[in-house]
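Heads up: the structure comes next, in structure tokens.
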Amino acid sequence: IEVKATDTLMINPDDIALKIALPKSEASGYFSDGGDNEDEERKRKGEITVLKYKIEEFLQKNKYSFTFHDEKKEKDYFSKDLNVYENAFEVHVKKVEDVNKIKKELTSFNNVTVSVTDTKIDNKEKYELLSIEKVMKKAEREAQAIAKAMNVVLDKPINVNNQSATDMYSSMFNNPESMGGFGALFSMMGNLFKGATQQNPQVIVSKTLVVRYSIK
């Protein structure tokens with residue numbers, strides 16, 4: 001008897017990296033109204049400076065760990081040093097509640113965006129094993145039902161095939177250094193496959209197993 005079973009765990013990560021991006025400083029950015037002169041340029045940069053100060057003040061007040069990364073005028077998109085946090089704050093928090101608090105606080109800041117860039121689980125193996133246990137129990141229940149319908153007795157599993165989709169992406173996204181500067185961007189995309197999105201920083205551990213049982 002062969003059955004296919006899937007189970008998913010939603011896990012709160014131990015570390016969540018956020019990107020708080022400021023508006024661009026050039027004329028085509030947020031503060032431009034079609035014209036571009038020195039007064040407008042100074043006003044634009046001044047307002048961005050005020051935004052940065054207010055965000056820093058909020059982060060310091062709440063004792064969040066953060067670093068601000070300056071904007072680079074010249075970029076090499078194939079460089080391994082390409083920084084996804086350019087002209088943005090890199091913030092690290094420990095709780096999902098902190099992510100929601102930061103997003104809520106900064107909604108009133110025009111053209112300031114907050115997104116999840118990375119999540120980390122300290123003991124991923126623990127959740128992998130827990131997920132496998134749940135899937136195997138689900139597979140056995142289904143196989144028992146089939147065996148009963150066939151009027152046979154289910155025996156031990158003789159073969160297990162791991163068909164978890166997340167494993168297909170792990171090698172590519174867990175090693176961004178080998179992909180040049182775009183590796184950092186792909187690493188962010190990898191969180192979409194692993195369950196961390198800009199809306200939900202929780203991590204999904206999903207397992208799909210095909211289990212073949214013998215019968216008596």
Side-chain angles (χ1 to χ4, degrees), residues 1-19 80 82 84 90-103 113-216:
I1 296 175
E2 184 176 278
V3 296
K4 183 176 182 178
T6 299
D7 200 88
T8 300
L9 297 176
M10 296 291 292
I11 304 165
N12 290 332
D14 298 292
D15 182 81
I16 306 168
L18 299 175
K19 175 183 177 181
K80 293 182 180 180
L82 182 66
V84 296
E90 177 185 356
V91 184
H92 289 266
V93 298
K94 300 295 183 183
K95 300 178 181 178
V96 174
E97 291 79 6
D98 287 326
V99 177
N100 298 330
K101 180 178 180 179
I102 290 172
K103 288 184 176 182
T113 60
V114 182
S115 57
V116 175
T117 56
D118 195 16
T119 54
K120 292 182 180 178
I121 301 175
D122 290 339
N123 191 356
K124 186 178 180 181
E125 183 180 1
K126 167 188 171 183
Y127 297 104
E128 291 277 350
L129 294 175
L130 179 60
S131 182
I132 290 172
E133 283 183 26
K134 292 183 68 178
V135 175
M136 289 297 292
K137 287 179 181 178
K138 184 178 287 187
E140 184 176 1
R141 288 196 300 269
E142 185 174 340
Q144 287 282 12
I146 296 173
K148 184 177 180 181
M150 295 173 60
N151 199 27
V152 296
V153 178
L154 191 72
D155 205 351
K156 297 179 180 180
I158 56 175
N159 186 60
V160 179
N161 182 11
N162 183 4
Q163 294 193 344
S164 304
T166 51
D167 295 340
M168 295 167 56
Y169 303 102
S170 61
S171 61
M172 180 170 67
F173 293 118
N174 288 343
N175 203 9
E177 293 81 6
S178 65
M179 302 169 65
F182 284 114
L185 300 175
F186 279 115
S187 182
M188 289 175 61
M189 290 171 58
N191 286 301
L192 298 177
F193 292 108
K194 296 174 184 177
T197 70
Q198 293 186 2
Q199 289 74 35
N200 185 4
Q202 287 182 304
V203 176
I204 295 173
V205 174
S206 182
K207 283 290 176 186
T208 299
L209 302 177
V210 174
V211 187
R212 182 176 297 173
Y213 294 86
S214 61
I215 56 176
K216 295 180 181 178

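Thr208 OG1 to Asp7 CG: the interatomic distance, rounded to the nearest 0.5 Å, is 9.5 Å. The distance from atom CD1 of Ile132 to atom CG of Asn162, rounded to the nearest 0.5 Å, is 7.0 Å. Atom CG of Leu154 and atom CD1 of Ile215 lie 8.5 Å apart (nearest 0.5 Å). Note that the OG atom of Ser131 and the CD1 atom of Ile204 stand 11.5 Å from one another [nearest 0.5 Å]. Within the model, atoms CG of Leu130 and CD1 of Ile11 stand 8.0 Å from one another, a figure rounded to the nearest 0.5 Å. With values rounded to the nearest 0.5 angstrom, Glu140 atom CD is found 11.5 Å from Ile1 atom CD1.
Proximity of a side-chain donor or acceptor of Lys207 to a complementary backbone N or O of Glu128 within less than 3.5 Å is not detected.
Put simply, the side chain of Leu18 reaches to within 4.5 Å of the side chain of Val116, judged on heavy atoms. In this structure, the side chains of Lys101 and Val93 stay at 4.5 Å or more apart for every pair of heavy atoms. Using a 4.5 Å cut-off on side-chain heavy atoms (C-beta onward), Val160 and Met136 make contact. Two residues are said to be in side-chain contact when any heavy atoms from C-beta on lie closer than 4.5 Å; Glu2 and Val210 meet this criterion.
The shortest non-hydrogen separation linking Val96 to Pro13 is CG2-CD, 4.4 Å. Between Ser206 and Thr8, the shortest heavy-atom contact is OG-OG1, 3.3 Å. Taking all atoms of both residues into account, the shortest heavy-atom contact from Val205 to Tyr127 is CG1-O, 4.1 Å.
Ionic pairing of Asp14 and Lys94 is not present here: no N-O contact between side-chain nitrogen and carboxylate oxygen is shorter than 4.0 angstrom.
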